[in-house]
Trainee: 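I have a structure I would like to understand better, so I am pasting it below and will then ask my questions one at a time.
The chains referred to below are lettered A, B, ... by the order of the sequence lines, with proteins before strands, and numbering in each begins at 1. Side chains included, hydrogens not; waters and symmetry mates left out as well; all remaining heavy atoms used.
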Protein chains: 2
Amino acid sequence: MVARSSRVTIHDVARAAGVSVSTVSKALNDTGRMASETREKIKSIAADVGFRPNALARSLLFNRSFTVGLLTNDTYGRFTLPLMSGISEALVDHGVSVFLCAIEDDPELAKVHVDAMLDKQVDGIIATGKRIDRSLPVDLAGLPVPVVYAFTEGVPGSVVLTADDADGARLAVERLRKVGRRKIVHVTGPDSFVSAVERADAFRQAVGAGAVVMHGTWTEGWGHEAVALLWDDEKPTPDGIFCGNDQIARGVVDALRERGVRVPEDVSIVGFDNWEIFADQTRPALTTVDMNLKELGRTAGLTILDLAEGRSVEAGLRKLPCKLVVRQSCGGDREI
Amino acid sequence: MVARSSRVTIHDVARAAGVSVSTVSKALNDTGRMASETREKIKSIAADVGFRPNALARSLLFNRSFTVGLLTNDTYGRFTLPLMSGISEALVDHGVSVFLCAIEDDPELAKVHVDAMLDKQVDGIIATGKRIDRSLPVDLAGLPVPVVYAFTEGVPGSVVLTADDADGARLAVERLRKVGRRKIVHVTGPDSFVSAVERADAFRQAVGAGAVVMHGTWTEGWGHEAVALLWDDEKPTPDGIFCGNDQIARGVVDALRERGVRVPEDVSIVGFDNWEIFADQTRPALTTVDMNLKELGRTAGLTILDLAEGRSVEAGLRKLPCKLVVRQSCGGDREI
DNA sequence: AAATGATGAGAAAACGTTTTCTCACGTTGA
DNA sequence: TCAACGTGAGAAAACGTTTTCTCATCATTT
């Protein structure tokens with residue numbers, strides 16, 4: 001009405017084939033009764049003129065937009081991009097596209113984005129954050145579409161996906177044990193983070209009596225500081241350090257090198273996150289726990305699809321397993 | 001037809017108000033002739049029942065989906081996320097949402113995503129990559145919608161946006177000069193990158209005769225190596241180093257510290273990228289060139305909007321200015 | 001008092017699909 | 001020869017909007 005599309009519509013195909021639009025539709029969708037020559041002829045003509053059905057029209061009809069919204073509060077993209085990649089990968093086969101909205105902790109902005117997505121009739125919304133113990137600054141309860149939470153707190157009765165922190169900690173300790181380490185400490189982030197606590201608890205359980213956990217910040221600086229605390233002390237120094245993230249691990253490795261302590265010969269280090277930009281560039285490269293973010297994204301995508309298509313999904317917190325990526329900082333990468 | 005929407009439509013509002021749908025539409029859009037009491041009454045009823053127009057239906061009518069596609073080949077998100085944030089910020093006010101598609105260098109996948117976006121009638125596509133001298137593995141010429149390229153090579157006659165590398169280099173040298181540095185070298189990435197070459201050329205021009213440019217890789221390791229080359233040499237050592245990215249800068253700073261060379265007292269360092277995860281965590285924190293990615297994203301968003309709405313835009317390569325972010329690695333942060 | 005004009009509101013068409021319903025035609029069987 | 005049936009294809013409605021057109025109704029002017 002306002003503008004005229006230059007795109008080829010089903011009417012153009014019908015005209016070119018000398019049949020009605022209904023016949024074209026049935027021919028292309030392999031539905032209805034029809035002489036098979038007619039069907040083939042129409043298909044070939046449609047291909048010739050480059051017809052592609054207008055998804056908007058179908059959406060209107062089916063009340064399904066084949067679109068989901070990804071709401072993220074993780075400005076930096078550390079989590080969002082791998083997650084996004086997994087979601088997209090899982091959904092592209094189903095013809096579903098993803099709206100990405102960065103809300104930058106702004107409730108107003110979040111509301112605007114959510115409204116825009118609802119207006120565009122998204123089939124579902126995936127909400128992601130940085131922490132499982134913080135919720136987004138917008139209420140997603142009672143929306144007319146399903147919602148899946150990933151790495152952020154969900155409302156009661158919702159589906160929440162996260163990495164299994166305890167599993168990650170166990171993998172790390174297991175590895176350190178395997179390379180013969182016996183005096184292992186855990187240097188991690190603040191105990192105000194649920195994931196830091198869960199990893200710490202699993203660490204304590206795996207290590208047993210005398211387990212040492214040092215809470216600090218998620219920074220390289222804290223890695224340095226922790227090494228200073230451990231080595232300047234009178235007590236015997238550890239031979240294995242499990243770090244709460246790769247930045248801390250980087251700090252620890254650097255601090256040890258400065259002290260002339262060799263990694264991995266004297267001390268084995270395991271990081272957490274497999275943030276390649278850190279893990280790969282640290283010398284030696286970090287053996288680290290990977291949270292399988294892409295797989296988590298894939299799961300989130302498939303889950304939202306299940307919900308959108310009316311299949312029931314078990315509510316509650318679902319923790320997905322981690323995996324260990326072996327590089328050099330832990331040692332034993334050849335002999336095991 | 002297939003499923004029945006539980007959402008409230010304009011018909012529901014019409015019924016509730018005891019008027020026709022046309023009247024409701026006109027009332028809500030402030031068009032048509034109508035008693036102002038009627039208009040207000042309808043507006044209030046619409047608000048009461050929570051009516052929000054179905055964007056799909058409008059899109060179908062206007063042949064405008066208020067949606068753009070962002071095609072990215074930058075898996076890691078270093079460029080994509082800030083860009084995305086800027087695009088989104090610029091477009092959200094216009095009611096435009098963004099489809100994000102990560103194509104991971106796969107031509108097949110790219111084609112699938114582009115087709116999906118076209119089917120969904122995007123108003124335009126923004127294509128982004130990592131390098132201005134490489135094109136995406138998919139041909140975006142001749143599409144029925146406008147395309148804007150950012151940080152990737154465009155087809156002839158297209159609109160291409162990128163950061164002004166030469167400007168960035170000039171800002172860096174200017175700063176180093178201002179803090180009194182006279183013997184400045186440039187340690188950067190491979191000369192197979194156009195942006196490395198452009199920065200190097202601008203660097204040479206700014207520094208004048210005797211300018212030293214060292215090409216290597218974009219890694220911390222090269223930063224270390226370059227310092228070794230410079231300091232192990234017989235020649236006098238530089239008092240200022242402009243690095244091609246923050247990772248190299250990080251390597252340089254660390255290597256200098258290991259040699260007992262003080263930064264910024266003895267040598268001033270300027271990085272490039274303002275990748276906060278590096279720039280902020282380096283000790284001392286890096287003074288570095290910021291490519292204004294968010295602003296670039298904003299420009300890309302507004303440009304695609306102009307194109308989508310039929311306003312003409314000058315084709316060709318458009319270089320946006322950089323800015324210098326001052327931290328501690330260059331010195332002079334107080335006295336200037 | 002009749003013709004003109006202004007005002008308010010509804011009917012219908014349009015956007016591009018899919019699906020249900022209807023119908024004409026030709027074939028088969030009695 | 002006629003009824004019953006199967007087959008192929010089109011007409012129309014529907015999805016939720018917006019917009020153009022038409023038409024009452026009522027007030028104003030001659």
Trainee: Identify which nucleotide among D:dG10, C:dT17, C:dG16 has an atom closest to any side-chain atom of B:Leu60, counting heavy atoms from C-beta outward.
Mentor: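 Within the option list, the nearest is C:dG16.
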Trainee: Quick check on DNA chain D: between A:Gly18 and B:Thr23, whose nearest nucleotide comes earlier from the 5' end?
Mentor: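 It is A:Gly18, whose closest nucleotide lies nearer the 5' terminus.
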Trainee: Say whether A:Thr67 and A:Lys120, considering side chains only, have a donor N or O and an acceptor N or O under 3.5 Å apart.
Mentor: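 The answer is no; no qualifying pair exists.
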Trainee: What's the closest nucleotide to the B:Leu61 side chain, out of C:dT17, C:dT19, D:dT18?
Mentor: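 Looking only at side-chain atoms, B:Leu61 lies closest to D:dT18.
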Trainee: Nearest whole angstrom, please: distance from the C1' of C:dC15 to the CG of B:Asn54.
Mentor: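 Those two atoms, CG and C1', are 13 Å apart.
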Trainee: Of the candidate nucleotides C:dG16, C:dA9, D:dG10, which contains the atom at the shortest distance from the side chain of B:Met34?
Mentor: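 Of the options given, the side chain of B:Met34 lies nearest C:dA9.
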Trainee: Tell me what B:Arg58 touches on the nucleic acid: a base, only sugar-phosphate, or nothing, going by heavy atoms under 4.0 Å.
Mentor: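 Touches sugar-phosphate only.
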Trainee: Kindly indicate whether the side chain of A:Thr128, heavy atoms from C-beta on, has any atom under 4.5 Å from the side chain of A:Leu83.
Mentor: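 Yes. Closest side-chain heavy atoms under 4.5 Å.
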Trainee: Rounding to a whole Å, what distance do you find between A:His11:NE2 and D:dA11:C1'?
Mentor: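 Atom NE2 in A:His11 sits about 12 Å away from atom C1' in D:dA11.
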Trainee: Counting any heavy atom closer than 4.0 Å, what does B:Ser59 reach on the DNA or RNA strands: base, sugar-phosphate only, or nothing?
Mentor: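 Answer is nothing: B:Ser59 stays at 4.0 Å or more from every strand.
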Trainee: Taking atom types as modelled, find out whether A:Thr80 and A:Thr72 have a side-chain donor-acceptor pair closer than 3.5 angstrom.
Mentor: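 Judged by distance alone, the side chains do pair up.
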Trainee: Assuming nearest nucleotide by heavy-atom distance, tell me which of A:Asn29 and A:Arg33 is located more 5' along DNA chain C.
Mentor: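 Nearest nucleotide further toward 5': that of A:Asn29.
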Trainee: In whole Å, I'd like the distance from the CG atom of A:Asp12 to the P atom of C:dC15.
Mentor: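 One finds 11 Å between P of C:dC15 and CG of A:Asp12, rounded.
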Trainee: To the nearest angstrom, how far is A:Arg39 atom CZ from D:dT7 atom P?
Mentor: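 Rounded to whole Å, this separation is 14 Å.
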Trainee: Ignoring hydrogens and angles, does a donor from either the side chain of B:Ser22 or the base of C:dA9 sit under 3.5 Å from an acceptor on the other?
Mentor: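 When only heavy-atom distances are counted, B:Ser22 does not reach the base of C:dA9 through any donor-acceptor pair under 3.5 Å.
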Trainee: Provide, to the nearest angstrom, the distance between the CG atom belonging to B:Asp30 and the C1' atom belonging to D:dT19.
Mentor: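 Distance check: B:Asp30 CG to D:dT19 C1' gives 15 Å.
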Trainee: Looking at A:Lys26 and D:dG10, is any side-chain donor or acceptor paired with a base atom of the opposite kind under 3.5 Å?
Mentor: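 Yes.
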Trainee: Heavy atoms under 4.0 Å, any strand shown: does B:Thr38 hit a base, just sugar-phosphate, or nothing?
Mentor: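 Sugar-phosphate contact only - B:Thr38 comes under 4.0 Å of backbone atoms but never of a base.
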Trainee: Quickly work out the B:Asn63 CG to D:dT17 P distance and round it to whole Å.
Mentor: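 The distance from CG of B:Asn63 to P of D:dT17 comes to 18 Å, rounded to the nearest Å.
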Trainee: Quick one: do A:Thr23 and A:Ser20 satisfy side-chain hydrogen bond (donor to acceptor under 3.5 Å, both in side chains)? Show the steps, please.
Mentor: CA-CA 5 Å; A:Thr23 305; A:Ser20 71; 3.0 Å; yes
Trainee: For B:Ala57 and B:Thr31, take the nucleotide of DNA chain D holding the closest heavy atom to each; which residue's nucleotide lies nearer the 5' end?
Mentor: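 This one resolves to B:Ala57.
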Trainee: Is the phosphate of C:dG16, meaning OP1 or OP2, less than 4.0 Å from a side-chain N or O of A:Thr9?
Mentor: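 Looking at the OP1 and OP2 atoms of C:dG16, neither is under 4.0 Å from any side-chain N or O of A:Thr9.
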Trainee: Rounded to the Å, how far apart are A:Arg52 CZ and C:dG16 C1'?
Mentor: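 Nearest whole value for this atom pair: 15 Å.
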Trainee: For the pair made of CG in B:Leu56 and P in C:dT17, what is the distance, rounded to whole Å?
Mentor: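 It works out to 14 Å between those atoms.
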Trainee: Test side-chain contact (heavy atoms from CB on, under 4.5 Å) on A:Thr152 and A:Arg131; report intermediate values, then the result.
Mentor: CA-CA 5 Å; A:Thr152 191; A:Arg131 303 176 55 168; over 6 Å; no
Trainee: When you measure from the side chain of A:Ser25, which nucleotide among C:dT19, D:dT18, C:dA9 comes out closest?
Mentor: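 Nearest to the side-chain atoms of A:Ser25, counting from C-beta on, is C:dT19.
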